There are 2 protein chains.
Amino acid sequence: MNLKQLSHMLSLSQTTVSRALNGYPEVSEETRRRVMDAAKRHGYRPNPSARRLATGKSGMIGYVLPTGASVDIDPHFVEFLSGLGDYARSHELDLVLSPADADDEETTYRRIVANRQVDAVYISSPRPADRRLALVNTLGIPFIVHGRSEGLDFDYPYLDIDNEGAFHEAARLLLQLGHKRLALINGNERETFAIHRERGVRRALAASGMTLGERHIRSVTMTEENGYRAARRLLEEAEPPTAIVCSSLIMALGVVRAVRDLGLTIPGDLSLIAHDDVFPWLRPENFPVPLSTTRSSIRLAGARVAERLAARISGLEEGARGEVWPVDLVVRGSVAGAPV
Amino acid sequence: MNLKQLSHMLSLSQTTVSRALNGYPEVSEETRRRVMDAAKRHGYRPNPSARRLATGKSGMIGYVLPTGASVDIDPHFVEFLSGLGDYARSHELDLVLSPADADDEETTYRRIVANRQVDAVYISSPRPADRRLALVNTLGIPFIVHGRSEGLDFDYPYLDIDNEGAFHEAARLLLQLGHKRLALINGNERETFAIHRERGVRRALAASGMTLGERHIRSVTMTEENGYRAARRLLEEAEPPTAIVCSSLIMALGVVRAVRDLGLTIPGDLSLIAHDDVFPWLRPENFPVPLSTTRSSIRLAGARVAERLAARISGLEEGARGEVWPVDLVVRGSVAGAPV
DNA sequence: CAAGTTAGCCAAAGCGCTTTGGAACACTCT
DNA sequence: AGAGTGTTCCAAAGCGCTTTGGCTAACTTG
């Protein structure tokens with residue numbers, strides 16, 4: 001059942017039927033009702049390929065997925081996707097993942113824009129002066145950044161959490177508890193979120209007249225193993241930290257293991273706070289010692305990004321509005337006063 | 001630059017240019033070369049929307065993503081996606097995720113097939129008599145199942161690992177080590193993989209004249225917390241198991257925690273083997289006691305599924321070929337002889 | 001050498017929608 | 001009554017490709 005057949009059986013032109021269906025004003029209410037009725041009765045669904053060719057709109061949102069034999073997709077991605085998908089579903093939006101060579105995403109961005117494959121894209125894990133943002137900005141496709149960049153000479157729409165504030169609060173709490181030697185086990189230092197977190201910790205220390213030594217900060221990909229290694233190195237120093245702030249629950253698993261291996265205890269010898277993106281399958285309250293966290297649901301972020309993307313597509317949102325979510329500090333058993 | 005312009009500047013018809021580009025035989029080699037040349041020089045890329053409208057082919061593969069407020073996407077998904085994306089990239093295939101209400105995926109399948117949005121789909125986490133398979137089979141779209149169903153009255157193409165064999169081997173090893181009381185902490189009992197694993201364990205037990213009691217098998221969603229709970233219940237019984245086979249590394253984390261909480265040790269009091277899908281961020285050798293595993297890279301499976309999907313789209317693969325991968329049993333420190 | 005092939009090309013008809021530029025008609029105003 | 005203003009509809013021209021059905025010229029074949 002296509003438009004031609006439908007209009008024929010209604011003795012109307014394709015024009016009128018099309019307009020009736022798409023809510024254009026130049027069609028009488030009675031006719032519209034007739035058309036709507038017949039469409040529903042015959043289960044007419046406009047062919048998206050045809051519509052796309054005619055309008056250039058695809059009804060999909062895009063994501064360029066960096067791939068490669070040695071490229072790992074962030075496990076956070078799946079949670080973000082849950083939220084995104086949940087919203088997208090209610091708006092009949094599909095998501096197209098365009099795999100790209102991790103060393104050359106630009107080609108793929110250009111392709112999906114030139115081909116008008118998607119109506120909007122989102123970008124995640126931005127870095128300072130991220131070239132993808134400049135690219136996508138000049139290409140003129142609607143987009144939203146999940147996270148933030150820095151040092152760009154233009155504004156852009158984004159959704160981010162207050163990483164600096166969160167880690168500032170975490171560090172401040174530890175300082176208030178009397179800790180003098182803090183360490184930070186961070187994510188990849190080239191990503192903005194990690195930079196912001198470091199900044200937060202430094203700011204808290206500075207307020208107490210302290211600084212974060214080179215040796216007291218580790219920036220690594222967020223795996224259990226890297227958490228373990230980082231913690232071991234830190235804890236085996238001459239003057240080991242008495243408190244650690246850690247950028248992910250997964251790394252925190254490694255930290256806990258290192259602490260145990262060294263015969264130390266939490267929070268007796270070491271206080272620990274980690275960032276929690278809220279995974280259904282790993283919860284901080286279930287750590288051997290319930291873990292204090294800075295918490296922000298990455299899933300909700302996914303839903304919100306989808307919502308804003310949809311708004312941009314339909315022209316309801318414009319401009320470079322940035323949105324920063326506050327982060328909860330949830331104190332559990334893993335922090336205590338500094339050991340004497 | 002579109003076909004019309006290109007053909008005009010070559011003084012050829014659109015027909016000929018189109019055919020030259022698409023490798024049809026009714027065009028002379030010289031002309032073809034001229035066309036190819038000009039196309040490359042002017043960066044001509046056929047408009048996919050137009051091509052799709054004309055051919056009905058989209059150059060994308062589809063996946064129906066169950067969503068909902070209380071629906072969690074399996075963390076394995078992201079690793080599978082890595083492999084899939086890695087292959088898809090080299091073939092300029094995009095992946096479209098169509099979010100669906102988890103309680104009604106059928107509508108979405110029908111939609112993407114009717115709209116010809118994708119050239120093929122894959123289906124994951126199949127259950128016995130899974131209705132999605134019957135649906136997709138009658139809808140006539142090329143597909144591959146990652147995993148297997150059971151009790152269907154037709155054959156279908158799939159890629160699965162030998163879950164039964166893997167867990168049979170794992171259980172057999174434990175029995176050989178003298179364990180008399182085995183337990184299984186399994187995934188969702190409604191999924192075929194879990195059924196197969198249970199079958200493997202039972203078969204091994206049966207060969208030694210034993211059975212798996214109702215109380216010695218737990219089927220739960222694979223979270224750390226559920227692993228912990230299941231293990232605690234098992235270990236607090238009057239006659240606790242001396243060996244556990246576990247369906248995922250994530251649950252194994254919980255098992256290890258439970259063992260510790262109860263003041264027991266691995267492998268002194270309990271031997272543990274878990275299935276490892278090979279995550280970059282959590283490795284069995286890094287468990288407090290290196291974990292024995294049945295291992296199979298879900299990432300490789302993703303790549304293979306993409307490969308076969310591509311083959312089906314281009315007509316190179318047909319029929320209902322099933323492919324079952326063997327699983328490695330990797331023995332590490334977490335298993336030992338049964339305590340006396 | 002006439003008839004039949006074949007190689008190489010083209011014009012035009014789709015694919016199924018949206019949108020432009022009117023046309024027809026019924027009103028309202030002066 | 002005639003001009004002006006809406007309202008409601010339509011024919012046809014796209015969107016940019018693929019594919020059908022031919023046409024021409026050159027080449028076999030008996």
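Only heavy atoms go into these numbers, but all of them, side chains included; no hydrogens, no water, no symmetry mates. A quick note: this is a predicted structure, and the numbers were derived from the prediction, not measured. Letters A, B, ... mirror the listed sequences (proteins, then strands); counts begin at 1.
- Among the atoms of the strands shown, only primed sugar atoms or phosphate atoms (P, OP1, OP2) are found under 4.0 Å from some heavy atom of S11(B).
- One finds a side-chain N or O of T16(B) lying less than 4.0 angstrom from the OP1 or OP2 phosphate oxygen of dC10(C).
- The nearest whole Å value for the distance from the CG atom in L53(B) to the C1' atom in dA13(C) is 13 Å.
- Within the 4.0 Å cut-off from OP1 or OP2 of dT7(D), not a single side-chain nitrogen or oxygen of Y24(A) is found.
- Minimum atom distance to the side chain of S13(B) is reached by dC10(C), of the listed dC10(C), dT18(C), dG16(C).
- Taking atom NE2 of H8(A) as the reference point, atom P of dC9(D) lies 18 Å away to the nearest angstrom.
- Atom-to-atom, NZ of K4(A) to C1' of dG14(C) comes out at 9 Å; the value is rounded to the nearest Å.
- Going from atom CZ of R19(A) over to atom P of dA12(D) covers 16 Å, rounded to whole Å.
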(request) Walk me through it: do L97(B) and L97(A) pass the test side-chain contact (heavy atoms from CB on, under 4.5 Å)? (result) CA-CA 8 Å; L97(B) 303 184; L97(A) 303 183; 3.8 Å; yes

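- Each of A54(B) and E26(A) was matched to the nucleotide of DNA chain C holding its nearest heavy atom; the match closer to the 5' end belongs to A54(B).
- Results of the ring-ring contact (aromatic ring centres under 6.0 Å, His included) test with Y122(A) over Y158(A), Y63(A), Y87(A) single out Y63(A) as the only residue that passes.
- When the side-chain nitrogen and oxygen atoms of N2(B) are compared with OP1 and OP2 of dC15(D), none of them lie within a distance under 4.0 Å.
- Between S28(A) and dC9(D), a side-chain N or O to OP1/OP2 separation shorter than 4.0 Å is present.
- Nearest heavy atom pair, residue T108(A) against residue A100(A), reads OG1-CB, 3.1 Å.
- Considering only side-chain N and O atoms, Y44(B) lies nowhere under 4.0 angstrom from the phosphate OP1 or OP2 of dG16(D).
- Between dC10(C) and T15(B), no contact under 4.0 Å exists linking OP1 or OP2 to a side-chain N or O.
- Of the candidates R34(B), R33(B), R32(B), R32(B) is the only one forming a side-chain contact (heavy atoms from CB on, under 4.5 Å) with M36(B).
- Contact annotation for T31(B): backbone-only contact, meaning every heavy-atom pair under 4.0 Å involves sugar-phosphate atoms and none involves a base.
- Between the CD atom of Q14(A) and the P atom of dG16(C) there is a distance of 11 Å, rounded to whole Å.
- Between the P atom of dC15(D) and the CZ atom of R51(B) lies a distance of 19 Å, rounded to the nearest Å.
- At a cut-off of 3.5 angstrom, counting only N and O atoms as typed in the model, there is no donor on one side facing an acceptor on the other between the side-chain of T55(A) and the base of dT19(C).
- Annotation for V27(B) and A20(B): closest pair CG1-CA, 4.0 Å, computed over non-hydrogen atoms.
- The CD atom of Q5(B) sits 8 Å away from the P atom of dG16(D) (whole-angstrom rounding).
- For the pair R52(A) CZ and dC17(D) C1', the interatomic distance rounds to 14 Å; values are reported in whole Å.
- Contact between the side-chain N/O atoms of N22(B) and the OP1/OP2 oxygens of dT18(D) is found at a separation under 4.0 Å.
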